[in-house]
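Presented below is the structure to which this report refers.
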Amino acid sequence: MEDKLLDLIYGVVADPSRWPDVLIGVSDHLGAMGALMVHVPPPGSRHLPMHILARLPEEPFAVFREHYQWNPWTVAVSKVPPGKAVNANSLIEPGSIKKTAFWSDVCIAFDQADVLNLPHKSLSQDGGTGGIGFCLSTPAAADADKRVRELQRLAPHLCRALDASLIVASRANGPQQLAVILDMIPNAALLLDGAGRITQTNGAADALLRRSDGIAFEKGGGLQLVAALVGERRALARMLKDALNVANGRSTALSEPVQIARPSGAAPLLVTAVPLPRPAFAFAELVPSARVLVMIVDPAAKSRATASAIQAAYGLTGAEARVALLLASGITGAQMPAMLGVTAATIKTQLRRCFEKTGTHSQAELMRLFAMFPPSN
């Protein structure tokens, strides 16, 4: 049994999505009803906890997330050193938990009398707390001390497996692959982590930001507008914040791309932000990783990208490719008839065909898709 359990624990390193299986296996070994892995944000935070449930009902934990994140057990366990196994009831006044609304609203729902906790440093960041918990029924709680000792014996293995899982999962998006992709994008492109800090740039972005002509590196690692227009600074900040909120699962609303004026008098830059998919292993978000792709289109820049390449990629006609590229450069559909000498109906038809061929549904989506390419001459 011991070898099989350790094989199960360390097998999760290669596939963090198997943590529920590990939690169930250890629960059975400890005689627990089920288990959870959880990160609870600091008190007052607007964020909900991240968690993985294993053989535990979702309903009581939905109540926990909404109302009881910092219940007496959470508060007590938050003071326990990482890696030290404890049972929550041993940390508070005997019987006091049963006098709380948390007990009546959450614990009674599935006969949870105690919880074995294994705090983990990586899940207890920035004022929050977290780790792995194994829920005990009333009969099992009577023998909690023995179960704590057994959990402590497994603690080094569980902690090492979790540390390795966080490393593997945080790199599952392939930083080296992302670097190659960034360098293939002909215009300036960079990646932001969950806090909005720049984590990676391509050569075009480095060159553009070093010139500080409209947009530049910020000392803290973020983006800073050099233009004097306050409205543009605010618009950029709002666009990046919205993209990060979508990437972090807190919203579904994205801002439109932002035009940035340049002190040199060159054509304005067009900046767009694209949220990246969330990691398969939710707790990987606690490790800095790419969350948003930011692309900066410089209409004056020379690039390998051509209208013919875009036509071939999406099967667009020359006229459709021209409309898509103009849209990416910041020209609206309403401005195109006068610019191209065609009717509004023609532009509408060409845009509709672009939507169909590229799988997009709006000018904003089409703009984001083609913003990596410069406008055609």
Between [X] and [Y], is any pair of side-chain heavy atoms under 4.5 Å apart?
X: Asp163; Y: His120; result: yes
X: Val26; Y: His157; result: no
X: Ile132; Y: Leu151; result: no
X: Pro119; Y: Thr129; result: no
X: Asp298; Y: Arg262; result: yes
X: Leu91; Y: Val86; result: yes
X: Gln112; Y: Trp103; result: no
X: Ile215; Y: Leu209; result: yes

Under 3.5 Å, is there a donor-acceptor pair between the side chain of [X] and the main chain of [Y]?
X: Gln350; Y: Val323; value: no
X: Ser124; Y: Gly130; value: yes
X: Gln152; Y: Ala85; value: yes
X: His39; Y: Leu123; value: yes
X: Glu365; Y: Ser362; value: no

Can you see whether Thr201 engages Asp206 through a side-chain donor-acceptor pair at a distance of less than 3.5 angstrom?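 Yes.
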
Could you tell me which residues satisfy ring-ring contact (aromatic ring centres under 6.0 Å, His included) with [X], sequence neighbours excluded, listed by chain and number?
X: Phe64; value: none
X: His67; value: none
X: Phe110; value: Phe61

Sequence neighbours left out, cut at 3.5 Å: what donor-acceptor pairs do the side chains of residues 236-243 make with other protein atoms?
| unit_1 | atom_1 | unit_2 | atom_2 | d |
| --- | --- | --- | --- | --- |
| Asp242 | OD2 | Ser255 | OG | 2.3 |

For Ile9, which of Leu5, Val12, Val13 qualifies under side-chain contact (heavy atoms from CB on, under 4.5 Å)?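 Only one of Leu5, Val12, Val13 forms a side-chain contact (heavy atoms from CB on, under 4.5 Å) with Ile9, namely Leu5.
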
Give the C-alpha distance, both sets of side-chain angles, the deciding distance and a yes or no for side chain to side chain contact (heavy atoms under 4.5 Å, CB included) between Val77 and Val115. CA-CA 10 Å; Val77 171; Val115 57; 5.8 Å; no

Rounded to the nearest 0.5 Å, how far does [atom2] of [Y] lie from [atom1] of [X]?
X: Leu116; Y: Arg149; atom1: CG; atom2: CZ; value: 12.0 Å
X: Leu208; Y: Arg210; atom1: CG; atom2: CZ; value: 10.0 Å
X: Ile296; Y: Leu190; atom1: CD1; atom2: CG; value: 5.0 Å
X: Lys121; Y: Cys159; atom1: NZ; atom2: SG; value: 12.0 Å
X: Leu191; Y: Thr199; atom1: CG; atom2: OG1; value: 4.5 Å
X: Lys4; Y: His29; atom1: NZ; atom2: NE2; value: 14.0 Å

So, for [X] and [Y], which heavy atoms are closest and what is the spacing to 0.1 Å?
X: Gly133; Y: Asn117; answer: CA-OD1, 4.2 Å
X: Ala155; Y: Gly83; answer: CB-O, 3.8 Å
X: Ala54; Y: Pro20; answer: CB-O, 3.7 Å
X: Ala188; Y: Ala205; answer: CB-CA, 3.5 Å
X: Val246; Y: Ala253; answer: CG2-O, 3.6 Å
X: Pro72; Y: Thr100; answer: CG-CG2, 4.0 Å

So, using side chain to side chain contact (heavy atoms under 4.5 Å, CB included) as the criterion, who are the partners of [X] when residues are at least two apart?
X: Lys357; result: Leu316, Thr317, Glu320
X: Pro337; result: Ala344, Ile347
X: Pro41; result: Ser45, His47, Pro49, Gln69

Show your reasoning for whether side chain to side chain contact (heavy atoms under 4.5 Å, CB included) applies to Ile198 and Leu192. CA-CA 5 Å; Ile198 296 174; Leu192 305 182; 3.7 Å; yes

Listed partners of Ser264 passing side-chain hydrogen bond (donor to acceptor under 3.5 Å, both in side chains), at least two apart: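 Asp213.
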
Are [Y] and [X] co-members of a hydrophobic cluster defined by side-chain heavy atoms under 4.5 Å apart?
X: Val63; Y: Met33; answer: yes
X: Leu53; Y: Leu8; answer: no
X: Trp70; Y: Met37; answer: no
X: Val106; Y: Ile92; answer: yes
X: Trp19; Y: Ile24; answer: no

List the atom pairs, donor and acceptor, that lie under 3.5 Å between side-chain atoms in residues 136-148 and the rest of the protein, sequence neighbours left out.
| unit_1 | atom_1 | unit_2 | atom_2 | d |
| --- | --- | --- | --- | --- |
| Thr138 | OG1 | Asp111 | OD1 | 3.0 |
| Arg147 | NE | Ala140 | O | 3.0 |
| Arg147 | NH1 | Leu30 | O | 2.8 |

Can you pull out every side chain to side chain donor-acceptor pair (under 3.5 Å) where at least one residue sits in residues 71-81? Sequence neighbours excluded, please.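 Those involving residues 71-81 are Asn71-Thr74, Trp73-Asn89.
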
Partners of Asp21 by salt bridge (Lys or Arg N to Asp or Glu O under 4.0 Å), sequence neighbours excluded?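 Residues passing salt bridge (Lys or Arg N to Asp or Glu O under 4.0 Å) with Asp21: Arg18.
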
Should Glu150 and Arg153 count as an ion pair when the cut-off is N to O under 4.0 Å?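 Salt bridge present between Glu150 and Arg153.
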
Determine which pairs satisfy salt bridge (charged side-chain N to carboxylate O under 4.0 Å, His left out) with at least one residue from residues 54-75, sequence neighbours left out, and list them in order.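 Qualifying pairs, neighbours excluded: Asp28-Arg55, Glu58-Arg65.
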
Is there a side chain to side chain contact (heavy atoms under 4.5 Å, CB included) between Leu56 and Cys135? Walk through the geometry before answering. CA-CA 9 Å; Leu56 293 175; Cys135 299; 3.8 Å; yes

